[in-house]
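Note that the coordinates shown come from a computational prediction; the quantities given were computed from them, not determined experimentally. Any value given below was found using the heavy atoms of this structure, including those in side chains, with hydrogens, waters and symmetry copies removed. Order of the sequence lines sets the chain letters (A, B, ...), proteins ahead of strands, with each chain counted from 1.
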Amino acid sequence: MKIQHLTLTVAATIALGAMAASALAQSAARPAANPGDADGAFVVPYKFSEPDGEKLYRRVCAGCHMPDAKGAVGAGFYPALTKNPKLAAGGYPVYVVMKGLNGMPAIGGMMSDQQVADVVNYVRTHFGNKYKDAVTAADVKAAR
Amino acid sequence: MAEKPVLPMSKRDLLSLIGSTAGATAMYMAMTSLGQAQASPFKGPLKLDGDAKGASVLILGAGVAGMVAALELSRAGYKVQVLEYNDRVGGRSWTLRGGDTFTELGGQAQTCTFSPGNYINPGPWRIPWHHHGLVHYCNELGVALEPFTQLNYNAYLHSTKAFGGKPQRYGPLQADYYGHVSELLAKAVNKNALTEDVTSEDSAILLESLRSWGALDKNMRYVKGNATSDRRGWAKQPGGGLTAEPVPSEPMTLDTVLKSGLWRGIGGNLTYDHQYSIFQPVGGMDSVAKGFERAVGQLVRLNSKVTAIQQDEKGVTVSYDDTKSGAHLQAKADYCLCTIPLSILSQIESNVGDALNAAIHAVPYMPSIKVGLEFKRRFWEQDEQIYGGITSTDLPISQISYPSSNYGSKGPGVLLSAYTMGAYAYEFTSLAPAERVARTLEWGSQIHPQYKDEFLNGISVGWHRVPWTLGCFGIWTAETRAEHYKNLCQLDGRILLAGEHASYLGGWQEGGITSSLDAISRLHQRVMAG
């Protein structure tokens with residue numbers, strides 16, 4: 001429905017040429033559609049809007065560490081997060097997310113303290129990791 | 001509806017609108033202008049005079065940095081070998097066309113099915129005129145260049161939050177923006193509001209310049225008429241014969257222009273990196289790689305994955321694996337020029353000094369994605385009269401680039417249908433390749449409703465999934481530059497680094513070329529000094 005409407009109005013723009021630009025500007029008060037996905041992806045370009053650890057992992061971290069968290073190898077590699085003893089102390093993954101590591105950007109800069117805590121806790125309790133001592137937003141804030 | 005203000009909003013909303021309207025493209029522009037981009041230091045062809053006395057240099061990486069070093073060092077009499085991970089030369093100087101397959105980290109393979117002649121450049125895609133080094137080598141190596149259309153007044157500025165999501169032509173928006181700003185400034189002058197800053201003599205000059213710049217009328221107003229339509233376009237174009245008389249168009253109001261946020265798309269086109277002339281190699285960016293390959297391709301060993309770099313007082317030993325046979329091999333030379341991206345190099349065992357080692361580990365890599373879609377016909381030319389140039393949008397695709405060549409051809413055409421950075425790039429990259437194409441098609445159809453009917457196929461490159469870069473290019477900050485940049489570029493024993501990461505032209509091939517020329521000049525001085 002919405003797409004059909006858009007088709008018609010854009011076609012009108014094309015047909016009317018320059019005149020349409022000013023005419024359409026006068027009727028531009030319609031509220032804009034939210035461009036993002038339901039799980040918080042693609043909401044704004046400069047920060048992540050995913051609301052929980054699983055969604056953050058799936059929509060952000062999986063780009064490099066892969067959906068199964070097994071990492072990947074090419075000329076370089078992305079480390080597997082599965083059964084990863086480096087996750088034993090929660091402070092380490094918090095530090096890596098906040099500060100970056102080698103080619104990995106300091107991706108926590110585009111997350112809230114709570115989001116960083118959530119995604120670290122998610123990884124530390126999934127993919128074969130069973131670390132029950134959750135990190136908190138306060139821990140993240142201290143590392144920021 | 002019509003009498004309501006366009007986009008009523010608080011100041012806070014307005015600021016966030018500007019931020020999101022600006023989108024990843026503007027973030028990139030801001031990044032390149034604030035943190036990265038500098039004028040090219042290229043001073044003309046390199047002269048490495050003197051006898052190299054058979055000294056040998058092992059070059060790691062056959063991108064433009066490695067290839068230009070191979071060319072110049074071999075000319076100067078050095079014994080040169082190049083090791084390259086990929087099964088082709090060029091690195092990020094790369095083009096995907098029909099028949100090419102790209103397998104990303106994670107194992108998902110995409111085979112490009114574009115028609116003959118169509119392509120996308122997943123990496124660098126334009127060459128500013130002031131990238132003198134790259135232009136020099138293109139000319140020298142017989143790489144034909146053609147104009148790249150960066151700015152097209154008939155392409156769109158688009159925001160989901162302005163004009164009900166309807167794309168606006170760049171030309172009228174810019175004309176109205178300049179015109180209204182001129183009118184306002186003229187009013188300030190005439191109210192003597194600027195007497196502290198402008199002498200009365202200069203005020204008169206300023207007013208005339210504003211009339212010229214903004215197409216103002218005799219009363220210094222930006223109003224509907226021939227003068228403004230000559231900038232923003234006509235409601236009915238002038239023609240010939242009985243229907244010849246033109247009809248002026250109605251400018252948008254200042255309020256409409258400002259609240260749309262679309263003015264944010266103008267600034268990027270004013271930046272030095274995006275000023276004409278801009279070139280692209282005819283047929284795809286990998287023409288640059290092929291030019292170097294014709295000259296020194298015989299020096300390159302492909303399919304060679306470097307695993308360790310060790311130096312001692314006598315020379316450098318590089319361990320590498322043949323990725324086809326699995327054989328563990330070694331190469332030795334007097335010196336090593338390493339152009340491997342720092343994202344990879346930081347994972348390779350080496351015995352460089354502490355300062356260089358710290359620098360190698362200090363540079364994260366930019367997220368970025370490009371998606372190319374092929375369509376049955378060039379509807380953007382045939383329906384919308386858009387010949388080259390770029391539409392910018394706050395949608396996650398960030399921009400659509402129309403091909404800068406073969407205008408008017410009847411067959412299928414390819415759009416660079418997404419090129420984005422920031423959070424969207426991570427979120428795009430985490431999708432499966434087919435889903436990236438599907439989403440790009442969906443978003444792009446909000447700007448071009450022809451998309452879905454005309455779609456043929458698509459291919460995407462999320463740079464963090466590229467096995468040989470783990471990201472798009474190195475990100476420097478003022479802090480990391482101050483602490484690490486010089487250490488990164490210094491000769492460390494017998495090892496020297498080059499590449500876009502060792503430049504102030506991050507992400508540009510010119511950075512790779514000029515860093516390499518600078519590095520081998522210093523290396524040559526060291527060799528000459530014995």
Notebook entry, point to check: Angle class for the B:W443/A:F42 ring planes (parallel below 30°, perpendicular above 60°, tilted otherwise)?
Noted result: perpendicular

Notebook entry, point to check: Which atom pair, heavy atoms only, marks the closest approach of B:Y426 to A:P105?
Noted result: OH-CG, 3.1 Å

For residues 83-100 of chain A, run the donor-acceptor check on the side chains, cut-off 3.5 Å, and write out each pair with its distance to 0.1 Å, sequence neighbours left out.
residue, atom, partner, partner atom, Å
A:N84, OD1, A:K86, N, 2.8
A:N84, ND2, A:A80, O, 2.9

Next item on the list: Pull out the residues in residues 115-134 of chain A that come under 4.5 Å of chain B, heavy atom to heavy atom, sorted by number.
Entry: none

Notebook entry, point to check: chain B contacts: which residues in residues 47-78 of chain A have a non-hydrogen atom closer than 4.5 Å to it?
Noted result: A:K47, A:F48, A:E50, A:R58, A:R59, A:V60, A:A62, A:G63, A:C64, A:M66, A:P67, A:A72, A:V73, A:G74, A:A75, A:G76, A:F77, A:Y78

Checklist line | Toward chain A, the part of B:L105 with a non-hydrogen atom under 4.5 Å | finding: both

Item checked: Heavy-atom proximity to chain A below 4.5 Å, by part of B:L431 -> side chain

Check: With a 4.5 angstrom heavy-atom cut-off, which part of A:I107 approaches chain B: side chain, backbone, both or neither?
Finding: side chain

Margin query: Assess the residue pair B:R439 and A:D37 against the criterion (side chain to side chain contact (heavy atoms under 4.5 Å, CB included)); give the C-alpha distance rounded to whole Å, side-chain angles, the decisive distance to 0.1 Å, and a yes or no.
Written below: CA-CA 11 Å; B:R439 299 300 296 270; A:D37 288 3; 2.4 Å; yes

Checklist line | Counterpart residues, side-chain contact (heavy atoms from CB on, under 4.5 Å), relative to B:N86 (two or more places apart) | finding: B:E84, B:R88, B:W468

